[in-house]
Asks: 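Handing you this structure, nothing more for now.
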Amino acid sequence: MSSAKAVNLSENSISAEAPVLDQRVFEGLAGMRLAMRRFLIFSEATLSAARVTSQQYQALLVIKVGSMITMGALAEQMLLQHNGAVQLVDRLAMAGLAQRIPSLEDKRSVFITLTSEGKALVEALAKVHLEGVLANEPLLAESLSMLRSLALLG
């Protein structure tokens, strides 16, 4: 997974002499953002109905992928400070969705795993989210393809 790159848009970096972009770049970016926004609205409604926050769902996915994940690895994958990950796991544990398992090798470390309830919930939510992603696939694929071909043209 790659980290997001920050873009510096200071007054000095934007000039009147900047090359004019092809109109299709704007169309591609608008289409991509529309597909992402549609999916995010769908996702938020789905998660709200399940009484799970977006951050909690993301954590459930990360834990599911890692099976047994350390608090530090969870924090890194969630782009959180360590104490933020601890609080998130506290909320997941209180909801019965995750649990801490002490490390046998390092008494200071704990592993985070999903409970059976957490596994069932992330499985059900993932099925619904997969349908939501696929519903937006045509617009997203078309937009990305347009942007890719324009980027290659230079």
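Keep in mind that what you see is a predicted model, and the values were worked out from it rather than measured. Position 1 is the first residue of the sequence, and the numbers go up from there.
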Asks: Look only at the side chain of S143 and the backbone of L139, and say whether a donor-acceptor pair between them is shorter than 3.5 Å.
Replies: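 Yes, because the side chain of S143 sits within donor-acceptor range (under 3.5 Å) of the backbone of L139.
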
Asks: Would you say F42 ends up clustered with L125 if hydrophobic residues are merged whenever their side chains have heavy atoms under 4.5 Å apart, either directly or through other cluster members?
Replies: no

Asks: Checking T115 side chain against G96 main chain: does a donor-acceptor pair fall under 3.5 Å?
Replies: yes

Asks: Taking L92 as the fixed residue, which of V52, L97, I112 is the one that meets the side-chain contact (heavy atoms from CB on, under 4.5 Å) rule?
Replies: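 The passing option is L97.
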
Asks: Under a 4.5 Å side-chain heavy-atom rule over Ile, Leu, Val, Met, Phe, Trp and Tyr, are L61 and V89 clustered together?
Replies: yes

Asks: For the residue pair T113 and S67, what are the closest heavy atoms and their distance?
Replies: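 That closest heavy-atom pairing would be CG2-O, 3.5 Å.
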
Asks: Parallel, tilted or perpendicular, judged at 30° and 60°: which one describes the rings of H129 and Y57?
Replies: parallel

Asks: Quick one, V133 and F39 - any side-chain contact, counting heavy atoms below 4.5 Å?
Replies: yes

Asks: Hydrophobic clustering (ILVMFWY, side-chain heavy atoms < 4.5 Å, transitive) - are L130 and V122 grouped together?
Replies: no

Asks: Testing the basics here: between L121 and A50, what is the closest heavy-atom pair and its distance to 0.1 Å?
Replies: CD1-CB, 4.4 Å

Asks: Are there over 12 heavy-atom neighbours, none belonging to L21, within less than 6.0 Å of that residue's CG?
Replies: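 Buried by this count: over 12 neighbours within 6.0 Å.
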
Asks: Rounded to the nearest 0.5 Å, what separates atom CD in E123 from atom CG in L60?
Replies: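 Rounded to the nearest 0.5 Å, the CD-CG separation comes to 12.0 Å.
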
Asks: Please tell me if the side chains of S54 and E44 come closer than 4.5 Å, counting only heavy atoms from C-beta onward.
Replies: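 A side-chain contact under 4.5 Å exists here.
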
Asks: Closest approach of N136 and G132, non-hydrogen atoms and distance?
Replies: ND2-O, 2.9 Å

Asks: Got a second to check how far E27's CD is from L34's CG, nearest 0.5 Å?
Replies: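 Rounded to the nearest 0.5 Å, the CD-CG separation comes to 13.0 Å.
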
Asks: To the nearest 0.5 Å, what is the distance between OG (S109) and CD1 (I101)?
Replies: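 Spacing of OG (S109) from CD1 (I101) equals 13.5 Å.
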
Asks: Could you check whether any side-chain heavy atom of E137 comes within less than 4.5 Å of a side-chain heavy atom of L140, counting everything from C-beta outward?
Replies: no

Asks: Just wondering, more than 12 heavy atoms not from Q99 lying within 6.0 Å of its CD?
Replies: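 Enclosed.
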
Asks: Can you measure from CG (L144) to CG (L29) and round to the nearest 0.5 angstrom?
Replies: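 So the gap between those two atoms works out to 9.5 Å.
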
Asks: Count I, L, V, M, F, W, Y as connected when their side-chain heavy atoms are under 4.5 Å apart, and connections chain through other members. Are L114 and V128 then in the same cluster?
Replies: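 Unlinked, L114 and V128 end up in two clusters.
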
Asks: For residues L147 and M36: do they belong to one hydrophobic cluster (side chain heavy atoms under 4.5 Å, members Ile, Leu, Val, Met, Phe, Trp, Tyr)?
Replies: yes

Asks: Are L80 and Q55 packed together at the side-chain level, in the sense that at least one heavy-atom pair is separated by less than 4.5 angstrom?
Replies: yes

Asks: Find out whether L74 and T70 are in side-chain contact, i.e. whether some heavy atom of one side chain is under 4.5 Å from a heavy atom of the other.
Replies: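 Not touching, per the 4.5 Å side-chain cut-off.
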
Asks: Check the surroundings of atom CZ in R37: do more than 12 heavy atoms from other residues, nucleotides or ligands lie under 6.0 Å from it?
Replies: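 Atom CZ in R37 is not crowded, with 12 or fewer foreign heavy atoms closer than 6.0 Å.
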
Asks: Any side-chain heavy-atom pair from R100 and M71 closer than 4.5 angstrom?
Replies: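 Yes. Closest side-chain heavy atoms under 4.5 Å.
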
Asks: Taking all non-hydrogen atoms of both residues, which atom of R51 and which atom of Q56 are closest, and how far apart?
Replies: O-OE1, 4.4 Å

Asks: Let me confirm one number: the CE-CD distance from M32 to E142, rounded to the nearest 0.5 Å.
Replies: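 The CD atom of E142 is 13.5 Å from CE of M32, to the nearest 0.5 Å.
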
Asks: Taking atom OG of S145 and atom CZ of R148, what is their separation to the nearest 0.5 Å?
Replies: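 Between S145 OG and R148 CZ, I get 9.5 Å after rounding to 0.5 Å.
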
